[in-house]
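Bear in mind the structure is a predicted one, so any value in this text is a computation, not a measurement. Index from 1, following the sequence.
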Amino acid sequence: MREIPGKRRGLLRFRRSEGPAQLGAALTCATAWQWPVLPGVGLKPSNGRGRGSGGGPGQSCACPDPECVVPGAHPFDPGVLAATTDERMIRWWWTNRPTAPVVLATGGTAPCAISLPAAAGAVALTALDGMGMRLGPVVATATRWSLLVAPYSLERLGELLYAKDRVPSSLRFHGQGGYLVLPPSETGAGQVWWERAPSFPGSGLRPGGAEPITGSAAPWLPDVEAVVDALVAASNGAPDGGSRLAY
């Protein structure tokens, strides 16, 4: 593998020298990759009342809902429509909230994603590697893994799913109007990390790699149809006739 030039190395490390990790990640996504992002709601202390709304010990979601099912892992104020690639806005947001999660607004010209429960995600990646499938970035938490794919329309997704005899019920689709929390955020589910780090066109491949590979500015993304086809194939053949990617 060729050595990563210093400028690109600094970029892929999310500009750590420029401040907190979340700010560096947000700047890389927004200004280098042109992925619109915004700060997530994050977590707050739960006033010593123990484990609040799914957060860590003594933490709960900072939104008003005491029963929030995705603590810290969603937009609130601002809402998802405020996502931007503007550097000044990114700096202002994360200067005021340095530890806020980095939230990608999916769809449009931005990446979309397909997510699975974490255990099913691990099975799926092993199966897809065995098929020789080239994957894009994979974002992981303790509860769910998300495979980033090229942008798609809701109409195209609907046609794609309609043509399938069976699609694993564990799949969730994050398209236009959706969002996804990116590394190195921390939410109620714990740390968010790259299970497969972004790779870049013309850079060569490192199957299963967790470290970025140098190349052009925007990470390479697979087509949604190829990924769905591979996931459907990987889910078939369970001994009981069910899905290998079930919950």
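Annotation for V41: hydrophobic cluster partners, listed by chain and number, are F76 (ILVMFWY side-chain heavy atoms under 4.5 Å, direct or chained). Taking Ile, Leu, Val, Met, Phe, Trp and Tyr as hydrophobic and joining them when side-chain heavy atoms fall under 4.5 Å apart, one finds L154 isolated, its cluster having no other members.
Partners of D229 by side chain to side chain donor-acceptor pair (under 3.5 Å), not counting sequence neighbours, listed by chain and number: K164. Annotation: side-chain contact (heavy atoms from CB on, under 4.5 Å) contacts of T95 (sequence neighbours excluded): none. Evaluation of the side-chain contact (heavy atoms from CB on, under 4.5 Å) rule for A119 yields no partner, not counting sequence neighbours. Judged as a side chain to side chain donor-acceptor pair (under 3.5 Å), and not counting sequence neighbours, the contacts of T141 are T143. Residues passing the salt bridge (Lys or Arg N to Asp or Glu O under 4.0 Å) test with E159: none are found, sequence neighbours excluded. In this structure, the ring pair (Phe, Tyr, Trp, His ring centres under 6.0 Å) partners of W35, at least two apart in sequence or on a different chain, are W33. Partners of W193 by side chain to side chain donor-acceptor pair (under 3.5 Å), not counting sequence neighbours, listed by chain and number: E195. Applying the side-chain contact (heavy atoms from CB on, under 4.5 Å) criterion to A127, with sequence neighbours excluded, gives A234.
Under the 3.5 Å distance criterion, the side-chain polar atoms of R172 are left unmatched by any main-chain donor or acceptor of A113. One N or O on the side chain of S185 and one on the backbone of V102 form a donor-acceptor pair closer than 3.5 Å. Checking side-chain atoms of W145 against main-chain N and O of P117 turns up no donor-acceptor pair under 3.5 Å.
Residues P137 and R196 are not in side-chain contact: their nearest non-hydrogen atoms beyond the backbone lie 4.5 Å or more apart. With a 4.5 Å cut-off on side-chain heavy atoms, I90 and T31 do not count as touching. Inter-residue side-chain proximity for P78 and P39 is flagged as met; some heavy-atom pair is nearer than 4.5 Å. Taking 4.5 Å as the limit, every side-chain heavy atom of N96 sits out of range of all side-chain heavy atoms of W93. For the pair K44/S60, a side-chain contact is recorded, criterion being any heavy-atom separation below 4.5 Å from C-beta on. Looking at L171 and L116, their side chains come closer than 4.5 Å, going by heavy atoms from C-beta outward. Annotation: side chain of V149 is not in contact with side chain of L221 (no heavy-atom distance under 4.5 Å). A 4.5 Å side-chain heavy-atom check between E186 and Q22 finds every atom pair outside the cut-off.
Scanning all heavy atoms of the two residues, the minimum distance from A73 to V181 falls at O-CG2, 3.5 Å. Across all their heavy atoms, P36 and A110 have their closest contact at CD-CB, 3.5 Å. Closest approach of C112 to T106, counting heavy atoms only: CA-CB, 4.2 Å. Considering every non-hydrogen atom in both C61 and P71, the closest pair reads CB-CA, 3.6 Å. Here the shortest heavy-atom pairing between P75 and V103 reads CG-CG1, 4.1 Å. A189 approaches A142 most closely through the heavy-atom pair O-CB, 3.6 Å.
In this structure, the separation between CG on L161 and CG on L157 is 4.5 Å, given to the nearest 0.5 Å. Between the CG atom of L231 and the CE atom of M131 there is a distance of 8.0 Å, given to the nearest 0.5 Å. For the atom pair CG of L147 and CG of L125, the computed distance is 5.5 Å after rounding to the nearest 0.5 Å. Atom CH2 in W194 sits 6.0 Å away from atom CG in L148 (nearest 0.5 Å). The CD atom of Q59 lies 5.0 Å from the CG atom of L43; values are rounded to the nearest 0.5 Å. A distance of 9.0 Å separates CG of L104 from CG of L38, quoted to the nearest 0.5 Å.
The list of side chain to side chain donor-acceptor pair (under 3.5 Å) pairs with a residue in residues 72-82, not counting sequence neighbours, is empty.
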Using side-chain contact (heavy atoms from CB on, under 4.5 Å), reason through L182 and V139 one step at a time and then give a plain yes or no. CA-CA 7 Å; L182 297 178; V139 175; 3.9 Å; yes

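Within the cation-pi definition used here (under 6.0 Å to the ring centroid, within 45° of the axis), R134 qualifies as a partner of W220.
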Which pairs of donor and acceptor atoms, one on a side chain in residues 173-180, lie under 3.5 Å apart (sequence neighbours left out)?
unit_1, atom_1, unit_2, atom_2, d
H174, ND1, Y179, O, 3.4
H174, NE2, S115, OG, 2.9
Q176, OE1, G108, N, 2.7

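At a threshold of 4.0 Å, the pair D86-R91 does not count as salt-bridged, since none of the basic side-chain nitrogens sits closer than that to a carboxylate oxygen.
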